[in-house]
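Note on naming: letters A, B, ... go to the chains in the order of the sequence lines (proteins, then strands), and numbering restarts at 1 for each one. Both backbone and side-chain heavy atoms feed into the values below; hydrogens, waters and symmetry mates do not.
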2 protein chains.
Amino acid sequence: MEQFTNKTADIICQALSQRIRRGEFAAQGRLPGERQLSEQFATTRITLREALGQLEAQGLIYRELRRGWFIAPPRLVYNPLHRSHFHAMAQRQGRAANTEVIDAHVAAVSHELADKLAMSEGEEVFRIRRLRRIDGRAVLYVEHYLNPRYFPGLLELDLTQSLTDLYLTRYGIRYGRVRFTMLPGPVPPLAAPLLKVAAGSPALFITRINRDQHDRIIDCDCEYWRYDALCVDVEAQGVLGG
Amino acid sequence: MEQFTNKTADIICQALSQRIRRGEFAAQGRLPGERQLSEQFATTRITLREALGQLEAQGLIYRELRRGWFIAPPRLVYNPLHRSHFHAMAQRQGRAANTEVIDAHVAAVSHELADKLAMSEGEEVFRIRRLRRIDGRAVLYVEHYLNPRYFPGLLELDLTQSLTDLYLTRYGIRYGRVRFTMLPGPVPPLAAPLLKVAAGSPALFITRINRDQHDRIIDCDCEYWRYDALCVDVEAQGVLGG
DNA sequence: AAGTGGTCTAGACCACCGG
DNA sequence: CGGTGGTCTAGACCACTTA
């Protein structure tokens, strides 16, 4: 477990990491200012920030743009195949969830999305953009694209609640097959300020294409998760290789 | 798509990003030196490296420790539920795969791993460590932990080949249910030099717990993927929320 | 208004890779 | 051994948050 290092940044990393694990900053939930820390470690702010960046990459701390460095809470465990409600999922893990609707409009579908939704470029879709919080911290920015033929009048409803619920109770639609892709990528410009991260910061990008009980593609989600907020956990029957 | 920015680093980002997409560096497969670039953009190496770091986070370029910056090849599409061979998977995507065995020994299982394997702490397991390359580039460091009761004598075999194949042909074992977790995390010290990344760099950490046709847990894989080398793609029947 | 993080300058030395 | 990237110094100004 020991590091073979003599880099100043690594030494700071280890020292801070130990102090964090001992709960030294747990009370305030945040670290002292960068200038104060760099003084403590007798180094430059640049070097100190290098160390903080490493701890951030390890998921031990996170930053909010221009606000400071905070102790990272545990990751939310998330199964993209599991069509439960965000709020229920959070609650089962002892966390408090919150959903904010950014906007909900009719939009023309892009070429790329049309492919995913089995629609034609330029057709109209419902686009719902939402921000979701765990224990008050914004962790997920998501854009839902719905094929409107299946959901007439949906945009008039209360969209802070679970879409899964709306689908079932209002339209008799339940989820069937799911396909998702997941890759690291930069956070989109619109999402950055909402998640309080710098534009272009790394995020986990998950797209999900959902079908209903009749195997029709009904919607597509584009999710941008904070890098450190998520642990994907999937259990399923294995598929034979081809 | 436009950025509202006047940061030097962002301007460099956009300029480089454009030149990369136009294939300007495709011939050499790599970027010019940092000093040369910082001169071209009339800035400091620090600022230039800030820009390179952003392009790296976006997966456009990658670095090899002390060797330089390279144009990132396309991501490998990977389905952790899909128990096909690494080599076959690569080949279907027009890529060349290669597997190197780092070592293969009997080891005492840690507490954490014992849990995953449904074994007891301190019991013996087979540990196989391998490095896998795509088109010559090391992208995956993986530790396989096997319950030895199911695989007597396996360590004597040629382990550069597919374990899936060995399981079936030598032991009559095929994969059944799979559970995997996936989260970003730092690359472990042993893997860093093999993947040619700096110790503590971010990586994608995937653990997989595999069962056989009788639903017995047979092995557990701990995979560390280069951050930019991977796109997870899963299709499966959705699971009803609880 | 004061203090924070975000960005930048203009150098420097070191460790390592490659010829 | 020359050139590369990796690390570091000691400042500075700006944009934003917070009080």
Side-chain angles (χ1 to χ4, degrees), chain A residues 3-14 16 25 28-57 61-71 137-138 187 189 192-202, chain B residues 3-14 16 25 28-57 61-71 137-138 187 189 192-202:
Chain A
Q3 307 286 351
F4 330 106
T5 179
N6 37 20
K7 282 166 42 185
T8 315
D10 285 352
I11 293 168
I12 297 174
C13 254
Q14 288 178 253
L16 273 180
F25 311 110
Q28 317 90 304
R30 65 184 298 168
L31 264 48
E34 293 183 358
R35 281 164 242 266
Q36 191 178 330
L37 283 174
S38 62
E39 202 172 328
Q40 276 183 35
F41 289 107
T43 184
T44 321
R45 259 183 78 208
I46 297 221
T47 303
L48 186 267
R49 278 168 66 82
E50 168 77 19
L52 293 176
Q54 282 189 40
L55 293 177
E56 181 185 34
I61 61 176
Y62 70 97
R63 71 176 100 179
E64 291 188 9
L65 195 61
R66 288 184 194 288
R67 288 202 357 100
W69 297 88
F70 300 83
I71 308 299
R137 173 189 178 213
V187 70
L194 299 171
L195 293 172
K196 293 187 183 170
V197 301
S201 308
Chain B
Q3 307 286 352
F4 329 105
T5 179
N6 38 19
K7 283 167 40 185
T8 316
D10 285 351
I11 292 167
I12 296 174
C13 255
Q14 288 179 252
L16 273 180
F25 311 110
Q28 317 88 303
R30 65 183 297 166
L31 263 49
E34 293 182 359
R35 281 166 240 271
Q36 191 179 330
L37 283 174
S38 61
E39 203 171 328
Q40 277 183 34
F41 290 106
T43 185
T44 321
R45 257 183 78 210
I46 298 221
T47 304
L48 186 268
R49 277 167 66 81
E50 168 78 19
L52 292 176
Q54 283 190 38
L55 293 177
E56 181 185 33
I61 60 176
Y62 69 97
R63 71 176 102 180
E64 290 189 9
L65 196 60
R66 289 183 193 288
R67 289 204 353 102
W69 296 87
F70 300 83
I71 308 299
R137 172 189 178 212
V187 71
L194 299 171
L195 294 172
K196 294 188 182 167
V197 302
S201 308

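Taking all atoms of both residues into account, the shortest heavy-atom contact from B:Q54 to B:A9 is NE2-CB, 4.5 Å.
For B:L52 and C:dC8, the CG to P distance is 13 Å, given to the nearest whole Å. One can place CZ of A:R49 at 15 Å from P of D:dT9, the figure rounded to the nearest angstrom. Across the protein-nucleic acid pair, A:K7 atom NZ and D:dG6 atom P stand 10 Å apart, rounded to whole Å. Rounded to whole angstrom, the span from the CD atom of B:E50 across to the P atom of D:dG6 amounts to 14 Å. Atom CD in B:E39 sits about 14 Å away from atom C1' in C:dA10, given to the nearest Å. Atom-to-atom, CZ of A:F41 to P of D:dT9 comes out at 13 Å; the value is rounded to the nearest Å. Between the P atom of D:dA15 and the CD atom of A:E64 lies a distance of 22 Å, rounded to the nearest Å. In this structure, A:R30 atom CZ and C:dG5 atom P are separated by 7 Å, rounded to whole Å.
Close to C:dG6, at under 4.0 Å from its OP1 or OP2, lies a side-chain N or O of A:R63. Between A:T44 and the phosphate of D:dC8, there is no side-chain N or O to OP1/OP2 separation shorter than 4.0 Å. Considering only side-chain N and O atoms, B:T47 lies under 4.0 angstrom from the phosphate OP1 or OP2 of C:dT9.
A:R63 contributes no side-chain N or O that, together with a main-chain N or O of A:A198, makes up a donor-acceptor pair within less than 3.5 Å.
Here B:A198 lies out of heavy-atom contact (under 4.0 Å) with every strand. Heavy atoms of B:R67 sit under 4.0 angstrom from primed sugar atoms or phosphate atoms, though from no base atom.
One N or O donor and one acceptor, one from the side chain of A:R35 and one from the base of C:dG5, sit under 3.5 Å apart.
Atom NZ of B:K196 is separated from atom CG of B:L194 by 10.0 Å, given to the nearest 0.5 angstrom.
At least one cation-pi condition fails for B:R137 and B:F70: the charged atom is not both under 6.0 angstrom from the six-membered ring centre and inside a 45 degree cone around its axis.
Nucleotides of DNA chain D nearest to A:R45 and B:W69 differ in position, and the one nearer the 5' end is that of B:W69.
Of the candidates C:dG6, C:dT9, D:dC8, C:dT9 carries the atom nearest the B:T43 side chain, counting heavy atoms from C-beta on. Ranking C:dC17, C:dG6, C:dT7 by closeness to the A:R66 side chain, first place goes to C:dG6. Side-chain proximity of A:I46 to D:dA15, D:dG6, D:dT9: nearest is D:dT9.
A donor atom on one side chain and an acceptor atom on the other are found under 3.5 Å apart for A:E34 and A:W69.
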